[in-house]
2 protein chains.
Amino acid sequence: MIAQRGQLNAVGATVDQRSVPATDQRSVPEATVARLATYLRALIGLGEHGVATVSSESLATAAGVNSAKLRKDLSYLGSYGVRGVGYDVSVLTEQINKTLGLHQNRAVALIGLGHLGQALAGYAGFASRGFRIAALIDAHPALVGTRLHGLTVQHVDELADIVRRESIAIAVVAVPAAAAQDVCDRLVSAGVTSILNFAPTVLNVPSHVDVRKVDLAAELQILSFHDNRKSGRPECAGALGAEQSLAVPSTGKVAVVR
Amino acid sequence: MIAQRGQLNAVGATVDQRSVPATDQRSVPEATVARLATYLRALIGLGEHGVATVSSESLATAAGVNSAKLRKDLSYLGSYGVRGVGYDVSVLTEQINKTLGLHQNRAVALIGLGHLGQALAGYAGFASRGFRIAALIDAHPALVGTRLHGLTVQHVDELADIVRRESIAIAVVAVPAAAAQDVCDRLVSAGVTSILNFAPTVLNVPSHVDVRKVDLAAELQILSFHDNRKSGRPECAGALGAEQSLAVPSTGKVAVVR
DNA sequence: ACGTGTGAAAATATTCACAGCT
DNA sequence: AGCTGTGAATATTTTCACACGT
C-alpha cells in the first residue's frame, strides 16, 4: 500500500521492502497503523470532554471498530491499559502520538494549488493533528508569489531548495495527473521520503519512498459497486416495508455468475 | 445499536453477506473491489492511447500491482482474457464498468461547500469517471442561492426533497465534523444508501448504508509512522519496558536497520 | 466483578507455480 | 511460445474466548 499501499482505501500503499530482520522491533501491522490515527482522534475528543479513563469497549465505539480489534491493535504498542479499569486517556494519547511520530510537528510541503490544493492549504485539520504546512509550491506563474493562508507560493523550480531548507520529509501532491510523476521525481531527488498523492496516477518511486494515494473518484466507484449490489437485493432493504421479494431481473448488472 | 461498516482505506470493509446463495455469485472480495477502480483508470488510459490488447503484466505495471494479483482479481469478474494473448482493453473496461455499476452516470449530492466542498464541486474527475454532481447543498445562508459550477446551492432543509427528486443514492459529506452526524441522519432518512465522508468523525448509520471515509490528516499520520521508522528511531516504544521518557533529539538519523 | 491482553481459530488476502488454451 | 486462470501454499487480519491482574 501504499505505495500504493493501501488505503484501502483505502487503498493501498505500497510496501515492501522485504524482510524484517530477525531483530524484530515490535512491528505494528499495517492494518493497525491505519487505525491508530482514528483511535487518536477519538481519544483527543474524549480528552477534550474531560474523560480521563476509557474502556476498550467505549473507545472502540467512538472509533467505529469492535473492542477486540481495538485491544489487539493497542497491544502492539505495549501494555498501557489497566485490567478491570481501562485505558488512561492521556497516557494512551501520548503513546499513540509517539508511535505515529507526531511528537514534533512535521513540516509538509504542498505542491499544486488548484482548487483542491487551495482547499488543502487551508485545511485546519492538518495543523491540529501534527502537521505544519511549511511550503506552498506551484508551477503556474500567476500563482507564484501570491500569498495564501500566510505563505507565499513558490515556484516548483525552487522545490529542492525548499525541501532542504525546511527539512521536509512529507509532501502532498495535488497537481494534475500529467504533472504528477515529474513533481514526484523532483521530490524524491530532493530527499522527500513520504508522499500523499491526490493525482489519479500511479507514481513510480524507489523503494525507500512511501506513497499513499487518495483517489476521490475511486472511492465513489467503490461505493457504487456496493450500491449496485444492494439494489439488487430486496432482503436488505429495510425491514419496514413489505418486502417485495420479487426476483431480481436477471438482466444483470450484478454479478457475474461464474 | 447501529451497525456500521466502516472501512479503512484499504482495507476492511464491510461485511456481510453471509449467505451464500446457491446461485453462487462469486462475490468479489473487498480488496479486489478497491483495486478495480485503479485497473479501470489504467485501462481507460491505455484505450486513449490506442492500445487494444494488454497483458496482465503490463496492465499490472500500469496499475501499480503485481500481475498475479491482477489476474486473480480479474478472475472474480469472469474469464475475459485470452490465453497467450492478454485482455482486450475495451472488453475489460466495459466489464469493470459494469461490475462497478457505472453504466448509468450516477447522481451524487455534495453537502458542505467550504473550501474542500468547493474544490470537490469543481473536480472534473467525478464527471469523467461515472458520476454527475446533481446537487450542491449547504446550510450557510450566504452560500445558498449562489451558483457554483453550473449549479445553484440549495439549503440543507431541502435535502430530502432533492434526494428524492434526483434519485440520489450516493452523497459526499464535506461539512464540519460537528455537523456531520446530523447531515448523515438526514441523508439516510431521505434514502441515501452510500456516503463518502470527509468529516473527521465516525458516522453512525444503519446497516444497509455504506460509509467510506477519507481522513486527510490520518493519511499523513500513517505516512508519518513509516517515516519515523525509516529515520531510525532511538526509542523503541514499548515492549521492553521502561521507556526513557526523556525526549531524544529526533534529528539523529540513526542507522536504519532493515 | 470487570476489562485487559493474548493465544488460538477463523476469515481474508496475497503469492506461487503450473496446467491448459491459443 | 506466451499468457491466462486458478488451485494450493503463505501471509495477514479479524474474531473468539478466557486466563489473569486489579
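Quick note on labels: first sequence line is chain A, next is B, and so on, each numbered from 1.
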Asker: OP1, OP2 of C/dT14 versus side-chain N and O of B/Asn66: anything below 4.0 Å?
Answerer: no
Asker: Just how far, in rounded Å, is P of D/dT13 from CG of A/Leu70?
Answerer: 17 Å
Asker: Would you kindly give the CG-to-P distance between A/Leu59 and C/dG3, to the nearest whole Å?
Answerer: 14 Å
Asker: Between A/Gly84 and A/Pro29, name the one whose nearest nucleotide on DNA chain D is closer to the 5' end.
Answerer: A/Pro29
Asker: Do the side-chain N and O atoms of A/Asp88 and A/Thr53 include a donor-acceptor pair separated by under 3.5 angstrom?
Answerer: no
Asker: Less than 4.5 Å apart, any side-chain heavy atom of A/Gln221 and any of B/Phe131?
Answerer: yes
Asker: Rounded to whole Å, how long is the line connecting atom CG of B/Leu92 with atom P of D/dT4?
Answerer: 11 Å
Asker: Taking CG from A/Asp73 and P from D/dT14, how many angstroms apart are they, rounded to a whole number?
Answerer: 7 Å
Asker: Taking CZ from B/Arg35 and P from C/dT12, how many angstroms apart are they, rounded to a whole number?
Answerer: 15 Å
Asker: Would you please confirm or rule out a distance under 4.0 Å between OP1 or OP2 of C/dG5 and any side-chain N or O of A/Ser79?
Answerer: yes
Asker: Rounding to a whole Å, what distance do you find between B/Glu30:CD and C/dA11:C1'?
Answerer: 14 Å
Asker: Between A/Val85 and B/Ala68, who's closer to the 5' end of DNA chain C by nearest nucleotide?
Answerer: A/Val85
Asker: Please compare B/Lys72 and A/Lys69 by the position of their nearest nucleotide in DNA chain D and report the one closer to 5'.
Answerer: B/Lys72
Asker: Separation of A/Glu57 atom CD from C/dT4 atom C1', in whole Å?
Answerer: 12 Å
Asker: Output yes when at least one side-chain N/O atom of B/Tyr80 is less than 4.0 Å from OP1 or OP2 of D/dC3, else no.
Answerer: no
Asker: Side chains of B/Thr93 and B/Ile44, heavy atoms from C-beta outward: is any pair under 4.5 Å?
Answerer: yes
Asker: What's the closest nucleotide to the side chain of B/Ser55 if the choices are C/dG5, D/dC3, D/dG5?
Answerer: D/dC3
Asker: Side-chain N or O of A/Arg71 versus OP1/OP2 of D/dA17: is the shortest distance under 4.0 Å?
Answerer: no
Asker: Using only side-chain N and O atoms of A/Tyr76, determine if any of them is under 4.0 Å from OP1 or OP2 of D/dT13.
Answerer: no
Asker: Figure out the CG/P separation between B/Asp88 and C/dT22, and round it to whole Å.
Answerer: 16 Å
Asker: With a 4.0 Å cutoff (strictly under), does any side-chain N or O of B/Ser56 reach OP1 or OP2 of D/dT4?
Answerer: yes
Asker: Please examine the side chains of A/Arg212 and B/His226, heavy atoms only from C-beta on, and report whether any two atoms are closer than 4.5 Å.
Answerer: no
Asker: With a 4.5 Å heavy-atom cut-off, do B/Asp73 and B/Tyr39 have their side chains touching?
Answerer: yes
Asker: Does B/Arg83 contact D/dT4 through a side-chain donor or acceptor facing the base, at a distance under 3.5 Å?
Answerer: yes
